[in-house]
Amino acid sequence: AAPYHRNLVGLRAAIEAAEGSQETLRRVTQARAADYLMLCTAALDRAEAGKPQPFATDLARGTEPVPDWLTPVTDMPAGSALKVWRIRHD
């Protein structure tokens, strides 16, 4: 068992951000003073086909343009399932 389930506030914020709109994602990252956004593309396989997808899912898939408040981190290892963006706070 991992201790992540003990941080209920952080866990709830992560779920809200991952399942919401671009505006929700930005609001949550600002409220939590996050510097990076990391999404796992391997988890996208669980999305239900034919249903509208949250902004974070489309962003990770590359089907949504990267907003100007995110800067892609491009030096990830080849074949990594992780997508990372630096969050701009200006």
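Computed from a predicted structure; not experimentally measured. The residues of the chain are indexed from 1 along the displayed sequence.
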Minimum side-chain heavy-atom gap [X]-[Y] below 4.5 Å:
X: Phe55; Y: Thr24; result: no
X: Arg61; Y: Gln53; result: yes
X: Val9; Y: Arg32; result: yes
X: Thr41; Y: Leu82; result: no

Nearest non-hydrogen partners of Pro54 and Ala18, listed with the distance:
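In terms of heavy atoms, the two residues are closest at CB-O, 3.2 Å.
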
Can you name the closest pair of heavy atoms from Ala17 and Ala56 and give their distance?
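So the two residues come closest at O-CB, 4.4 Å.
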
To the nearest 0.5 Å, what is the distance between CD on Gln22 and CZ on Arg27?
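If I round to the nearest 0.5 Å, the distance is 13.0 Å.
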
Would you say Gln30 and Trp69 are linked by a side-chain donor-acceptor pair, where the criterion is simply a distance under 3.5 Å?
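Side chains of Trp69 and Gln30: no pair found under 3.5 Å.
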
Quickly, which of Asp35, Thr71, Leu70 forms a side-chain contact (heavy atoms from CB on, under 4.5 Å) with Ile87? Name it, please.
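Among Asp35, Thr71, Leu70, the one that satisfies the side-chain contact (heavy atoms from CB on, under 4.5 Å) with Ile87 is Leu70.
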
side-chain contact (heavy atoms from CB on, under 4.5 Å) partner of Leu37, chosen from Leu59, Val73, Val84:
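That would be Leu59.
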
Treating Thr63 as the side-chain partner and Asp58 as the backbone partner, does any N or O pair qualify as donor plus acceptor under 3.5 Å?
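Yes; judged by distance alone, with no hydrogens or angles, the pair exists.
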
Hey, is CE on Met76 packed in by over 12 heavy atoms from elsewhere, all under 6.0 Å?
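For Met76, atom CE is crowded (more than 12 foreign heavy atoms under 6.0 Å).
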
Trace of the side-chain contact (heavy atoms from CB on, under 4.5 Å) decision for Leu39 with Trp85
CA-CA 9 Å; Leu39 300 172; Trp85 297 265; 3.6 Å; yes

